[in-house]
*Asks:* 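Structure provided below as structure tokens; questions to follow.
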Amino acid sequence: MGQADSPLHVGIALEGAGWHPGAWREPDARPAELFSARYWTDLVEQAEHGLADFVTFEDSFSPQPAQGSEREGWQAQQVRGRLDAVLIAARVAPVTSAIGLIPTVIATHTEPFHISKAIATLDYVSTGRAGVRVRVSGRPDEARHFGRRSFPGQAGVGADAAELLAEAADYIEVTRRLWDSWEDDAEIRDVATGRFIDRDKLHYIDFDGHWFNVKGPSITPRPPQGQPLVCALGHGPAAYELIGRSADVGFVTPRDQAEASAIVASVRAAQAAAGRADERLPVLADLLVYLDDEPSAATARRARLDDAAGREYAGDALAFTGTPAQLADLLTDWRTAGLSGFRLRPAALPHDLTQVTDGLLAELRRRGLIPDAYRGGTLRERFGLPRPASRYAAA
């Protein structure tokens, strides 16, 4: 089956009350519940009801939004505070059954040993539906939370982007080796002999690099997927190189179909340079969406959100304003650029999420672009990715 014949992958990026900073003031918003488990399980259950392939959970070590100066980051009329993305995913996992769960982790200020253990645990709790989106941060204010390193200049990744992304590549490599450090059949659990584990099937990873020196092995058995899905969001050549070299799935932010084609080509070139040309590597485009039954209603609501926030919101992804059917037309056009699917960012929750699940996804099913039921028991299977063998297992 070729790219044009393959089902589109559609995921939903969840962020607070929605991606627009004025979303918490909408009539149907639930600002009093943003820090409750029920709020997040309701959103993910709705996404699963609509048959979205996955949800991602945003995270950072700075106040929302991450754009702008530190002073602007503390505007009192915007949502402040967030829950831990990995813990949200772990809470949601037992009350869902099919949708993929992909929390964000910040590689710059966390340790791969801890994250490998956390995401392996999520894979067990979700029975093979876990992924992780790896981010970097060059923000001086975030670095000061930890006190182990500092970054000069204005908030943002800035000139250190290439170095931070190279560090993230090693971070991913260490994490993957730790997932592999237990062979699949390392646990014997033989009551008669008293042997719970075959020690010969646990392996030191002995990673010795510029940023990490990790002996291993992990203390968590190999995850159900072998390797949970590793994702990364890319905005430029260094990030495309990280996706091509280290990720299972890439998220990108093209502004039009031509740019989407150029970005996909850059990722494929990086993938080939990393010796992965024969591997499947889905590339999905991010879109911020304002959806309504009529185009005029979507435009009016976007203006209302900007008025509530006191400014026009402009994120890193293209903003689409219109109806679900119009968005379906755009997705159909853009897929010819080589995209495998899309990660949609609802501007306001739950309104735009409902428009995606009940409007867009239903329309895509009618057009035969996405399946009418979940396929594949694990998240890797849904993306058509094989379950890798442990690199340390004997042939």
Side-chain angles (χ1 to χ4, degrees), residues 3 7-23 43 46-47 50-58 65-67 100 102 104 133 231-236 239-240 243 249-264 267 282-293 295 297-299 301-302 305-306 312-365 367 369-370:
Q3 174 72 31
L8 278 177
H9 297 292
V10 180
I12 299 171
L14 297 178
E15 166 71 309
W19 283 78
H20 195 290
L43 294 177
Q46 182 178 349
L51 302 181
D53 284 307
F54 63 91
V55 291
T56 61
F57 304 94
E58 294 304 302
Q67 296 84 8
I102 306 176
T104 298
R133 180 197 151 208
C231 309
L233 171 65
H235 297 303
Y240 304 150
I243 292 171
V249 174
F251 304 134
V252 296
T253 54
R255 295 287 167 165
D256 54 36
Q257 185 182 28
E259 187 178 9
S261 181
I263 291 173
V264 170
V267 172
V283 178
L284 282 64
D286 275 24
L287 291 170
L288 172 67
V289 295
Y290 303 82
L291 298 174
D292 269 292
D293 295 335
T299 300
R301 190 166 58 83
R302 181 177 180 179
L305 287 165
D306 285 343
E312 181 179 352
Y313 174 65
D316 57 315
L318 177 71
F320 175 88
T321 307
T323 68
Q326 290 174 328
L327 179 55
D329 290 340
L330 184 143
L331 303 190
T332 303
D333 290 341
W334 278 29
R335 74 177 311 199
T336 61
L339 295 167
S340 301
F342 300 86
R343 186 176 72 134
L344 305 178
R345 307 179 183 183
L349 296 168
H351 180 93
D352 290 301
L353 175 60
T354 301
Q355 290 285 331
V356 169
T357 57
D358 297 354
L360 174 69
L361 293 174
E363 176 65 21
L364 293 176
R365 280 194 293 276
R367 299 185 186 193
L369 296 175
I370 61 174

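Each residue takes its place number in the sequence, starting with 1.
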*Asks:* Do the side chains of Asp293 and Thr323 get nearer than 4.5 Å, heavy atoms only?
*Replies:*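 Not in contact.
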*Asks:* Among residues two or more places apart or on two chains, list those pairs meeting salt bridge (charged side-chain N to carboxylate O under 4.0 Å, His left out) that have a residue in residues 353-363.
*Replies:*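 Applying salt bridge (charged side-chain N to carboxylate O under 4.0 Å, His left out) to every pair that reaches into residues 353-363, excluding sequence neighbours, yields Glu363-Arg366, Glu363-Arg367.
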*Asks:* Just do the side chain to side chain contact (heavy atoms under 4.5 Å, CB included) check on Trp334 and Leu287 with the steps written out, would you?
*Replies:* CA-CA 12 Å; Trp334 278 29; Leu287 291 170; 4.0 Å; yes
*Asks:* Between Val10 and Leu364, is there a side-chain heavy-atom distance shorter than 4.5 Å?
*Replies:*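 Yes; the side chains approach each other to less than 4.5 Å.
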*Asks:* Would you say that Ile12 contacts Pro346 through its side chain, given a criterion of any heavy-atom pair below 4.5 Å between the two side chains?
*Replies:*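 They are in side-chain contact.
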*Asks:* Mind checking the CG-OG1 spacing from Leu284 to Thr253? Nearest 0.5 Å is all I need.
*Replies:*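 If we round to the nearest 0.5 Å, Leu284:CG and Thr253:OG1 are 13.0 Å apart.
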*Asks:* Would you compute the distance between atom CD of Glu15 and atom CZ of Phe57 and round it to the nearest 0.5 angstrom?
*Replies:*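 It is 12.0 Å, given to the nearest 0.5 Å.
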*Asks:* CH2/Trp19 to CG/Leu288 distance, rounded to the nearest 0.5 angstrom?
*Replies:*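 So the CH2 of Trp19 and the CG of Leu288 are separated by 8.5 Å.
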*Asks:* Does the side chain of Glu259 reach to within under 4.5 Å of the side chain of Val252, using non-hydrogen atoms?
*Replies:*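 No - every pair of side-chain heavy atoms lies 4.5 Å or more apart.
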*Asks:* Fit a plane to each ring of Tyr290 and His20, take the angle between them on a 0 to 90° scale, and name the class: parallel (under 30°), tilted (30 to 60°) or perpendicular (over 60°).
*Replies:*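 Perpendicular, since the angle between the ring planes exceeds 60°.
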*Asks:* Are Leu344 and Leu360 close enough that some pair of their side-chain heavy atoms sits under 4.5 Å apart?
*Replies:*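 A side-chain contact under 4.5 Å exists here.
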*Asks:* Test of understanding: with salt bridge (charged side-chain N to carboxylate O under 4.0 Å, His left out), list the residues that count as partners of Arg133, not counting sequence neighbours.
*Replies:*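 Only Glu58 meet the salt bridge (charged side-chain N to carboxylate O under 4.0 Å, His left out) criterion with Arg133.
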*Asks:* Check whether any side-chain heavy atom of His9 sits under 4.5 Å from a side-chain heavy atom of Arg343, and report yes or no.
*Replies:*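 Sidechains of Arg343 and His9: no contact.
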*Asks:* If you measure from the Lys or Arg side-chain nitrogens to the Asp or Glu carboxylate oxygens, is any gap between Asp316 and Arg345 under 4.0 Å?
*Replies:*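 Answer for the salt bridge query: yes.
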*Asks:* Rounded to the nearest 0.5 Å, what separates atom OG in Ser261 from atom CG in Asp256?
*Replies:*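 Reported value, rounded in 0.5 Å steps: 10.0 Å.
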*Asks:* Taking only residues two or more places apart in sequence, or in another chain, which ones meet Arg302 in a salt bridge (charged side-chain N to carboxylate O under 4.0 Å, His left out)?
*Replies:*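 Expected list: none.
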